[in-house]
2 protein chains.
Amino acid sequence: MSPGHLPLVESCKPAKAVMSRVGDKWSMLIVIALRDGPLRFNEIKRAAGAISQRMLTLTLRSLERDGLVSRKVTPTTPPRVDYELTTLGHSLREPVEALGRWAFEHQTSIDAAQAAFDARAGIEPITGLADGGAVKGRAA
Amino acid sequence: MSPGHLPLVESCKPAKAVMSRVGDKWSMLIVIALRDGPLRFNEIKRAAGAISQRMLTLTLRSLERDGLVSRKVTPTTPPRVDYELTTLGHSLREPVEALGRWAFEHQTSIDAAQAAFDARAGIEPITGLADGGAVKGRAA
DNA sequence: CTGGATCCTAGGCGATACTG
DNA sequence: CAGTATCGCCTAGGATCCAG
């Protein structure tokens with residue numbers, strides 16, 4: 001997709017945008033929650049677990065803006081609002097779920113790599129200098 | 001992968017972690033930059049474009065910790081450090097590139113949806129209050 | 001050239017309170 | 001029930017200076 005010799009940052013701007021969506025804290029969780037059909041505001045909230053009403057509203061709006069989710073209002077009392085994945089939204093599930101599968105398949109490899117890295121960090125101080133060797137105390 | 005009736009948040013924690021990686025500002029850009037072979041610190045920097053040395057170092061470290069990138073130091077003067085995708089890193093490219101392709105394929109749909117949404121937002125002010133109607137500039 | 005330590009700001013996100 | 005408005009924390013991430 002990218003020729004290879006040009007900045008490569010510009011060549012994948014649209015990809016960057018989508019990756020941000022995928023990586024943000026709640027979007028994909030909501031998309032997955034809606035995979036089996038429409039849900040109401042509070043149903044999504046319950047499904048997502050710890051999301052705040054503020055973030056749910058914002059995320060839903062933004063998902064709607066991107067055309068991934070549709071919003072249907074039924075002006076009764078109390079009001080009823082149903083959210084549903086659009087065709088575009090459903091199509092996004094495929095690559096996203098592939099990514100999810102990758103995560104599960106390689107979970108142990110990642111865990112192992114992290115453990116090994118952390119172990120090395122504790123053992124090799126800074127290149128021979130005798131250092132107390134705090135495991136990178138709670139600073140940053 | 002998730003039974004469907006449990007919180008669903010906990011069932012995909014590892015996926016969430018990976019999604020965050022994919023979604024963060026520089027990780028995938030670096031992974032893609034390394035797709036054709038090892039690069040030195042400043043070569044990656046040049047390829048990425050606007051990244052700060054701080055973020056490059058941090059991202060690289062964290063990629064290394066996750067076992068996606070390997071770091072090889074050649075202690076010459078000046079020092080030479082090569083970064084290369086590990087097998088795990090390469091395997092991640094597949095789902096990530098799939099996501100990238102999705103982004104390109106549906107770019108126009110998303111653009112259209114956003115334009116339509118913004119247009120609607122401009123028409124329906126806020127329940128009658130005359131609003132100037134700034135289009136809420138969406139940059140990055 | 002590689003990369004650590006510091007400082008500083010924008011904004012993501014949660015908590016809470018209020019409206020229709 | 002659905003949604004908005006306000007506040008305040010906290011972290012991502014850029015700029016800069018220093019060191020090996």
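So that the names make sense, note that chain A is the first sequence line, chain B the second, and so on, each numbered from 1. In what follows, every heavy atom counts, from backbone to side chain, and hydrogens, waters and symmetry copies are set aside.
- Side-chain contact between A:Pro95 and B:Arg101 is absent, with no heavy-atom pair separated by less than 4.5 Å.
- Nearest to the side-chain atoms of A:Arg40 among the listed nucleotides D:dC1, C:dG14, C:dC1 stands D:dC1.
- Which of D:dG13, D:dC1, C:dG14 sits closest to the side chain of B:Met55 comes down to D:dG13.
- Taking atom CD1 of A:Ile44 as the reference point, atom C1' of D:dG3 lies 13 Å away to the nearest angstrom.
- B:Glu84 meets the side chain to side chain contact (heavy atoms under 4.5 Å, CB included) test with B:Pro38, B:Ser70, B:Lys72; sequence neighbours excluded.
- The distance from atom CD1 of A:Ile51 to atom P of C:dT16 is 16 Å, rounded to the nearest whole Å.
- In this entry the distance linking CG of A:Asp82 with C1' of D:dA2 reads 12 Å, nearest Å.
- In this structure, A:Lys45 atom NZ and C:dC13 atom C1' are separated by 13 Å, rounded to whole Å.
- Using a 4.5 Å heavy-atom threshold, the side chains of A:Met28 and A:Leu92 count as touching.
- OP1 or OP2 of C:dG14 has at least one side-chain nitrogen or oxygen of A:Lys25 nearer than 4.0 Å.
- When each of B:Glu43 and A:Trp26 is assigned the nucleotide of DNA chain C with its nearest heavy atom, B:Glu43 is the one assigned upstream, toward the 5' end.
- Here D:dT4 presents its P atom at 11 Å from CG of A:Leu56, a figure rounded to the nearest Å.
- Position along DNA chain D of the nearest nucleotide to A:Phe41 versus B:Asp24 favours A:Phe41 as the more 5'-ward residue.
- At a non-hydrogen distance threshold of 4.0 Å, B:Pro78, B:Pro79 from residues 72-80 of chain B come into contact with DNA chain C.
- Side-chain nitrogen and oxygen atoms of A:Tyr83 include at least one within less than 4.0 Å of the OP1 or OP2 phosphate oxygen of D:dG3.
- By the salt bridge (charged side-chain N to carboxylate O under 4.0 Å, His left out) test, B:Arg40 is found to be paired with no residue, residues two or more places apart in sequence or in another chain being considered.
- Residues satisfying the ring-ring contact (aromatic ring centres under 6.0 Å, His included) test with A:Trp26, not counting sequence neighbours, are none.
- Residues A:Phe117 and B:Val18 are members of separate hydrophobic clusters, defined by side-chain heavy-atom contacts under 4.5 angstrom among Ile, Leu, Val, Met, Phe, Trp and Tyr.
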Response to the item:
Readout for nucleotides 4-11 of chain C: B = base within 4.0 Å of protein heavy atom, S = sugar-phosphate only, - = neither; 5' to 3' it is S-B-----

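- Looking at A:Arg46 and A:Glu43, no side-chain N of the basic residue comes within less than 4.0 Å of a carboxylate O on the acidic one, giving no salt bridge.
- In this structure, the CG atom of A:Leu29 is 15 Å from the C1' atom of C:dC13, given to the nearest Å.
- When the side chain to side chain contact (heavy atoms under 4.5 Å, CB included) test is applied to B:Thr108, no partner is found at least two apart in sequence or on another chain.
- The two residues B:Gly67 and B:Thr86 have their closest heavy-atom pair at O-OG1, 2.6 Å.
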